[in-house]
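For reference, the structure is listed below as structure tokens.
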Amino acid sequence: MKIDLVIIGGGPAGMAAALSAYENGVTDILILERDKELGGILNQCIHNGFGLHTFKEELTGPEYAVRYIEKVQEKKIPYLLNTMAVDVKGGSPCIITAMNREKGLFKIETKAVVLAMGCRERARGAMNIPGFRPAGIYSAGTAQRFVNIEGRMPGKEVVVLGSGDIGLIMARRMSLQGAKVKLVAEIMPYSGGLKRNIVQCLDDFGIPLLLSHTVTEIHGKDRVEGVTVVKVDENLKPIKGTEEYVSCDTLLLSCGLIPENELSEGAGAQMDSVTQGPVVNARLETTAEGIFACGNVLHVHDLVDNVSKEAVSAGAFAAAYIKEKASDWGEAVRPKIPQKTKSIIPEGRDAGKTLICIGCPVGCLITVDKNDDGSLVITGNTCKKGEQYARNEVTAPKRTVTSIMKVEGGAGKVVSVKTKEEIPRNKIWECMKEINKGIVKAPVKVGDILIRDVAGTGVDVVATINMELH
């Protein structure tokens, strides 16, 4: 098989790169995706907060993915699903070895390759937690897939280790699905997640965040029975006498992300010890001839919008390489990695007076005071959206609810949904009660109304993913 350009990975990076290459004159393209559908990790990220930069509106992960999937299908760009690339070699031509059930093991000759495999979670071994290996220990991303894609609950009593965004989001998801989340432990003196997620995922549900704490022991042999949580000093060493036993049947690990770099290393690309992804030049080409990289396989990004933006550049550079066959590799250039602001919450903060804005990832600290006449004085916001959020939060707080509903006759067991607009925060549990008891019939399309006037709020619940018939 001979193809001009092969994209490995059908997530947001892979699809954006393919579309960019197509628009830059290379139309003989093939996307290889190991999952059963395009979209990558976004299909299980059913929460909102995506697309503010790319589409100028707040979307859930599946909605963001659908925007790109529809474009790929509109351009008739071919893709192979359930297909694993097992080896890549740079050169002229580049050689890809892949496999699937239909073709078995097969090779592809191509003029250029774009690596867009994304990233993966660090495993328990990276945490060096002693104890047996009982059932009930999951990475946060694995638990996310169980709940949001397969409709299965990992457990009923949960402790989360690590306050990265995935861990915070899963603390909320597990709560919404009926589990008791005991606490989130973070070894650092600040949270690893966005401040807005601390508000929406922990504060809203009364889940404690223990900073400068970690898990030192896992109890249980067949199934997790509990964990020992301990406070750490400034050197991150456990402080004797601060141990506390917390009963639970599930431990979720949110230990950080690293690029999915096996194919990059196997291709002979030089690796960057800082980003843990491949070294690239100004054109996003790795040191392996004809092989480009973008998205989380290059370095872990903070926003999917930035992944898409970088992938557009990679697709354009790959197209130029194919047409011009540039030979001068140039100098290594480390992609600009956004410095994530430490999510430090002021001690002694009066939550009724000092608010954390959830309107965007910046998470401004906004102070709200009242004049003698009762009017509000709002300071600290950097945009009008923050001012409006603070005003609403003091008078009538609202949230968008994202969850799943059971589906009959569909290709999957559940379909992701959201309230079309924000609803009063005190109506969240009534809303979830209606969502959990509801059953929809396939096929379902993004935007289909599944529940009207949920919990008497006047707001409809709509589908956020396409679900075809089984």
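When a residue number appears, it is its place in the shown sequence, counting from 1.
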query: Got a donor-acceptor contact below 3.5 angstrom from the Glu243 side chain to the Thr228 backbone?
result: no
Derivation of the side-chain contact (heavy atoms from CB on, under 4.5 Å) call for Lys370 and Leu376: CA-CA 5 Å; Lys370 284 188 178 181; Leu376 299 179; 3.6 Å; yes
- request: State the OG-CG distance between Ser163 and Leu202, to the nearest 0.5 angstrom.
  value: 8.5 Å
task: Check whether the side chains of Lys182 and Ser247 place a donor and an acceptor atom closer than 3.5 Å, and report yes or no.
output: yes
message: Less than 4.5 Å apart, side chain to side chain, heavy atoms only: is that true for Glu387 and Arg391?
response: yes
- request: Could you grab the distance from atom CG of Asp203 to atom CD1 of Ile198, nearest 0.5 Å is fine?
  value: 7.5 Å
task: Any chance you could lay out the side-chain contact (heavy atoms from CB on, under 4.5 Å) test for Leu161 and Thr214, step after step, and finish with the verdict?
output: CA-CA 7 Å; Leu161 177 58; Thr214 191; 3.9 Å; yes
- line: Output for pair (Met467 CE, Lys445 NZ), nearest 0.5 Å, gives 11.0 Å
field: Cationic N near anionic O, under 4.0 Å, Arg425 to Asp204
entry: yes
query: Going from CZ on Arg34 to CD on Glu260, what distance comes out if it is rounded to the nearest 0.5 angstrom?
result: 5.0 Å
message: Test your reading of the model: is there a side-chain donor-acceptor pair from Asn296 to the backbone of His301, 3.5 Å cut-off?
response: yes
Trace of the side-chain contact (heavy atoms from CB on, under 4.5 Å) decision for Arg120 with Glu262: CA-CA 11 Å; Arg120 67 171 187 267; Glu262 283 78 8; 3.1 Å; yes
task: Consider only side-chain N and O atoms of Thr83 and Glu102, and report whether a donor and an acceptor are under 3.5 Å apart.
output: no
query: Are Met153 and Met174 close enough that some pair of their side-chain heavy atoms sits under 4.5 Å apart?
result: yes
message: Do Gln388 and Asn392 pair up side chain to side chain, a donor and an acceptor below 3.5 Å, judged on atom types alone?
response: yes
message: I'd like to know whether Val417 forms a side-chain contact (heavy atoms from CB on, under 4.5 Å) with Ile451, so could you lay out the CA-CA distance, the side-chain angles of the two residues, the decisive distance to 0.1 Å, and finally the verdict.
response: CA-CA 10 Å; Val417 302; Ile451 301 176; over 6 Å; no
- request: Evaluate the side-chain proximity of Ile7 to Ile77: yes if any heavy-atom separation is below 4.5 Å, no if none is.
  value: no
query: What are the two closest heavy atoms between Val407 and Lys441, and how far apart are they?
result: CG2-C, 4.4 Å
message: If the condition is ring pair (Phe, Tyr, Trp, His ring centres under 6.0 Å), which residues does His213 pass it with, not counting sequence neighbours?
response: none
message: Please check if the number of heavy atoms outside Lys231 that lie under 6.0 Å from its NZ is greater than 12.
response: yes
message: Show the nearest heavy-atom pair for residues Pro62 and Asn43, with the distance to one decimal.
response: CG-O, 3.7 Å
field: Test item: Thr250 side-chain N/O and Val158 main-chain N/O as donor-acceptor pair under 3.5 Å
entry: no
message: Whether the side chain of Asp305 engages the backbone of His53 through a donor-acceptor N/O pair (distance < 3.5 Å, no angle test) should be reported.
response: yes
message: Measuring only between side-chain heavy atoms, which start at C-beta, is Gln177 closer than 4.5 Å to Ser403?
response: yes
message: Within the structure provided, determine whether Leu298 and Pro278 are in side-chain contact (heavy-atom separation under 4.5 Å).
response: yes
Pairing residues for Thr382 by the side chain to side chain donor-acceptor pair (under 3.5 Å) criterion, not counting sequence neighbours: none
statement: One should read off an interatomic distance between Ile356 CD1 and Tyr389 OH, to the nearest 0.5 angstrom, of 8.0 Å
- request: State, yes or no, whether a side-chain contact exists between Phe50 and Pro12 at a heavy-atom distance under 4.5 Å.
  value: no
Exercise: identify the closest heavy-atom pair between Ala455 and Cys431: CB-N, 3.9 Å
- prompt: Among Glu33, Gln73, Glu37, which one satisfies side chain to side chain donor-acceptor pair (under 3.5 Å) with Tyr79?
  reply: Gln73
Residue pair Ile404 / Arg173, side-chain heavy-atom distance below 4.5 Å: yes
field: Ser212 side, atom OG; Leu236 side, atom CG - distance, nearest 0.5 Å
entry: 8.0 Å
- request: Could you pull out the closest heavy-atom pair between Val446 and Glu63, with the gap in Å?
  value: CG1-CG, 4.2 Å
query: Quick one: does Val414's side chain get under 4.5 Å of Glu150's, heavy atoms only?
result: no
query: Where do Ala171 and Val184 come nearest, in terms of heavy atoms and distance?
result: CB-CG2, 4.2 Å
- prompt: Between Glu121 and Ser139, which heavy-atom pair has the shortest distance, and what is it?
  reply: OE1-OG, 2.7 Å
